[in-house]
Asks: 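Sharing a structure, written as structure tokens. Questions coming.
Everything numeric here is computed off the predicted structure, so don't read it as measured data. Along the sequence shown, residues are numbered consecutively beginning with 1.
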Amino acid sequence: MSILHVDNAGGALADGYYSVYRAAHEIDDPGPLSSPRHFRMWALIGWDDDAEAYAHVRDGIVTGGYTLALPERDNAHLALIPKMAVAPGSRRRGVGSALLAHATEQARAAGRRTLVAEAAAAGGPGAAFAQAHGFTAATTVIRQVLDLRTADRAAFESARDLAARHTDGYELEAWRGAAPERLHADLALLYAGMNDAPTGDLDIEDEVWDAARVGGLERRLHEAGAGGRAVIARHTATGAPAALTRVFFDDGAGGWGRQSDTVVLRPHRGHRLGMLLKTANALTLLDEEPAVHRLITWNATSNAHMRAINEALGFRPLDTWHEWQKTI
């Protein structure tokens, strides 16, 4: 048995890790599957160029793998495990425990004090594994799904028009795919605004954003084949960015879109901008992205306001996840 570093350029280990991820996903996760191109970016490189991956190999076959992200721009005390997967036929044979022990050693060697990991469905085997290895649930996230094939278009239009009556003084700007460079500074302000989102008991600091960091993220999204639709709201009098929503999708996701990055900056709250942006973007998806059938989104259970907007749009609960943390 060996645990080997996975070269982010690809190769047999990368292919094996993806195969394990795909097989585990079919059992554990009713949500969207990442395409090989998308998987390579987030699991082998990281959206902030901060990830490394390792594969558990037994008798020449990859039986498990994990991704470790080591942030440098901020939260340099954290080590994150965004994915750990064990092949279904190799479970309950110590593979997961070996991978976690290896990840803990790597995190300690990098000088990190807190290990944070996600596990699918609360109450499932991932949650039991985390608890058995000394993790505690730091925050709880609910995933919700909207089926665009049965969505009520008239209801979207009505919600958009109602919200628009409360948003006088704002104008919308939309785009497809990666954000143009002229928007990077605006997006930095908007992403920094997401530091207000509930994080429960996570040992986490605010993320620091600037135009250069946004530019790097946009390049990686493009390299990952992540298409998308986005809308920002601007304060008309000043031109300042006020709110953002984005949906990402890729060709290998089986018709799924990932509703992500919705934020209204604090000085602009109370104008129903969140509802206006989400309904405008949903209508664009209905009109111009027929390959996107379902949207999935995730919010902390404590984020009642954003969950209420999702529910009003027709999102329904899929499952509940925890983020787990452990002092190392």
Asks: Between R153 and E157, is there a salt bridge with N-O shorter than 4.0 Å?
Replies: yes

Asks: Could you tell me if the ring centre of H322 sits under 6.0 Å from that of W298?
Replies: no

Asks: How long is the span from the CG atom in N75 to the CD atom in E207, to the nearest 0.5 Å?
Replies: 6.5 Å

Asks: Can you tell me how far apart OG1 (T320) and CZ (R143) are? Round to the nearest 0.5 Å.
Replies: 9.5 Å

Asks: Please examine the side chains of L190 and L265, heavy atoms only from C-beta on, and report whether any two atoms are closer than 4.5 Å.
Replies: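 In short, these two side chains touch, coming nearer than 4.5 Å.
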
Asks: Taking the side chain as everything from C-beta on, heavy atoms only, tell me whether L68 gets closer than 4.5 Å to L115.
Replies: yes

Asks: Judged by atom type as modelled, is there a donor-acceptor pair below 3.5 Å linking the side chain of T279 to the main-chain atoms of F156?
Replies: no

Asks: So that I can tick it off, tell me whether E288 and R176 are bridged by a salt bridge, with the cut-off set at under 4.0 angstrom between side-chain N and carboxylate O.
Replies: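 No salt bridge links R176 with E288.
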
Asks: So do L148 and E289 actually touch side chain to side chain, heavy atoms under 4.5 Å?
Replies: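 Answer no - side chains too far apart.
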
Asks: Would you say the side-chain atoms of H133 pair up with the backbone N or O of K326, donor to acceptor, closer than 3.5 Å?
Replies: no

Asks: What distance separates L13 CG from H56 NE2, expressed to the nearest 0.5 Å?
Replies: 12.5 Å

Asks: Looking at every non-hydrogen atom in both residues, tell me the closest pair between P317 and I142 and how far apart they are.
Replies: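 Shortest heavy-atom contact: CB-CD1, 4.0 Å.
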
Asks: Taking the side chain as everything from C-beta on, heavy atoms only, tell me whether D186 gets closer than 4.5 Å to R234.
Replies: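 Yes, close enough: below the 4.5 Å cut-off.
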
Asks: Hydrophobic clustering (ILVMFWY, side-chain heavy atoms < 4.5 Å, transitive) - are F39 and L221 grouped together?
Replies: yes

Asks: Examine distances only and state if a side-chain atom of N8 and a backbone atom of I45 form a donor-acceptor pair shorter than 3.5 Å.
Replies: no

Asks: Does the salt bridge (charged side-chain N to carboxylate O under 4.0 Å, His left out) test come out yes or no for R91 and D28, once each step is laid out?
Replies: CA-CA 13 Å; R91 295 183 176 182; D28 299 331; 2.7 Å; yes

Asks: I need the R182 CZ to L187 CG distance, nearest 0.5 Å.
Replies: 10.0 Å

Asks: Between L172 and A233, what is the shortest heavy-atom contact and its length?
Replies: CD2-CB, 3.8 Å

Asks: W42, W321: one ILVMFWY side-chain cluster at the under-4.5 Å cut-off?
Replies: no

Asks: Could you check whether any side-chain heavy atom of I81 comes within less than 4.5 Å of a side-chain heavy atom of W324, counting everything from C-beta outward?
Replies: no

Asks: Any donor and acceptor pair, going by atom type alone, linking the side chain of R40 with main-chain N or O of A224 inside 3.5 Å?
Replies: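 No; zero donor-acceptor contacts below 3.5 Å.
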
Asks: Under the side-chain contact (heavy atoms from CB on, under 4.5 Å) rule, what do Q259 and T245 come out as? Steps first, then yes or no, please.
Replies: CA-CA 8 Å; Q259 170 70 62; T245 194; 2.7 Å; yes

Asks: Around H166, counting heavy atoms of other residues, nucleotides and ligands shown, do more than 12 lie under 6.0 Å from its NE2?
Replies: yes

Asks: Is there a side-chain contact (heavy atoms from CB on, under 4.5 Å) between H268 and Y170 once you walk through the steps?
Replies: CA-CA 10 Å; H268 303 282; Y170 293 89; 2.9 Å; yes

Asks: Mind telling me whether Y21 and Y18 have parallel, tilted or perpendicular rings, with 30° and 60° as the class edges?
Replies: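 If you compare the ring of Y18 with that of Y21, the planes turn out tilted.
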
Asks: Would you mind checking if D50 and R112 are paired as a salt bridge, meaning a charged N to carboxylate O distance below 4.0 Å?
Replies: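 Answer for the salt bridge query: no.
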
Asks: Is the backbone N or O of P32 less than 3.5 Å from a side-chain atom of H25, with the two atoms forming a donor-acceptor pair by type?
Replies: yes

Asks: Under a 3.5 Å distance rule, please check whether S19 uses its side chain to pair with a backbone N or O of D15 as donor and acceptor.
Replies: yes

Asks: Using atom types as modelled and distance alone, determine if a side-chain donor or acceptor of E323 lies under 3.5 Å from a backbone N or O of L202.
Replies: no

Asks: Please check if L44 and L4 belong to a single hydrophobic cluster, counting links between Ile, Leu, Val, Met, Phe, Trp and Tyr side chain heavy atoms closer than 4.5 Å.
Replies: yes

Asks: Which of these passes ring-ring contact (aromatic ring centres under 6.0 Å, His included) with H38: F248, W47, W256, F249?
Replies: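 Per the ring-ring contact (aromatic ring centres under 6.0 Å, His included) rule, the option paired with H38 is W47, out of F248, W47, W256, F249.
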
Asks: By the definition side-chain contact (heavy atoms from CB on, under 4.5 Å), identify the one residue from L313, T297, L318 that meets it with Q144.
Replies: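 Output: one option passes, namely T297.
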
Asks: Hey, are R266 and D196 close enough for a salt bridge, meaning a charged N less than 4.0 Å from a carboxylate O?
Replies: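 Salt bridge: yes.
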
Asks: Indicate whether any N or O donor in one side chain lies under 3.5 Å from an N or O acceptor in the other, for T114 and D203.
Replies: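 Yes.
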
Asks: For the atom pair CD (Q325) and CG (L78), what is the distance rounded to the nearest 0.5 Å?
Replies: 8.0 Å

Asks: Say you draw a straight line from NE2 of H184 to OH of Y191; how long is it, rounded to the nearest 0.5 Å?
Replies: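 Atom-to-atom, H184:NE2 and Y191:OH are 9.0 Å apart.
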
Asks: Side chains of V231 and L276: does their closest heavy-atom pair fall under 4.5 Å?
Replies: no

Asks: If you count every heavy atom of other residues, nucleotides or ligands that lies below 6.0 Å from D168 atom CG, does the total exceed 12?
Replies: no

Asks: For residues L217 and W209, determine if any side-chain heavy atom of one lies less than 4.5 Å from a side-chain heavy atom of the other.
Replies: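 L217 vs W209: side chains touch.
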
Asks: Between V95 and V62, is there a shared hydrophobic cluster once you connect ILVMFWY residues whose side-chain heavy atoms come closer than 4.5 Å?
Replies: no

Asks: Taking R149 for its side chain and R294 for its backbone only, find out whether a donor-acceptor pair lies under 3.5 Å.
Replies: no

Asks: Taking C-beta and beyond as the side chain, do R307 and T301 meet within less than 4.5 Å on heavy atoms?
Replies: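 SC-SC contact between R307 and T301 confirmed.
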
Asks: Please evaluate residues E173 and L183 with respect to the criterion side-chain contact (heavy atoms from CB on, under 4.5 Å), reporting the C-alpha separation (whole Å), side-chain torsions for both, the decisive distance (0.1 Å), and the verdict.
Replies: CA-CA 10 Å; E173 182 175 356; L183 293 179; 3.9 Å; yes

Asks: For K278 versus T262, what's the shortest heavy-atom pair and its separation?
Replies: CE-OG1, 3.4 Å

Asks: When you check the gap from the basic side-chain N to the acidic O, do R220 and D49 get nearer than 4.0 Å?
Replies: yes

Asks: Decide whether I204 and M194 are clustered together by the hydrophobic rule: side chain heavy atoms of Ile, Leu, Val, Met, Phe, Trp, Tyr closer than 4.5 Å, transitively.
Replies: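 In one cluster: no.
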
Asks: At their closest point, which heavy atom of I328 faces which heavy atom of A107, and how far apart are they?
Replies: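 In terms of heavy atoms, the two residues are closest at CD1-CB, 3.5 Å.
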
Asks: Would you say that more than 12 heavy atoms from the other residues, nucleotides or ligands in this model lie under 6.0 Å from the CZ of R73, or not?
Replies: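 Atom CZ in R73 is crowded, with more than 12 foreign heavy atoms closer than 6.0 Å.
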
Asks: Any donor and acceptor pair, going by atom type alone, linking the side chain of E218 with main-chain N or O of A178 inside 3.5 Å?
Replies: no

Asks: Any donor and acceptor pair, going by atom type alone, linking the side chain of S90 with main-chain N or O of V86 inside 3.5 Å?
Replies: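 Answer holds: no.
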
Asks: So which atom in L273 and which in A243 form the shortest heavy-atom distance, rounded to 0.1 Å?
Replies: CB-CB, 4.1 Å

Asks: Shortest non-hydrogen contact from P82 to A69?
Replies: CD-N, 4.3 Å

Asks: With under 30° as parallel and over 60° as perpendicular, where do the rings of Y54 and Y66 fit, or are they tilted in between?
Replies: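 It falls in the parallel class, under 30°.
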
Asks: Apply the test side-chain contact (heavy atoms from CB on, under 4.5 Å) to residues R258 and I296: give CA-CA distance (whole Å), side-chain angles for both, the deciding distance (0.1 Å), then the verdict.
Replies: CA-CA 5 Å; R258 298 173 175 90; I296 188 168; 4.2 Å; yes

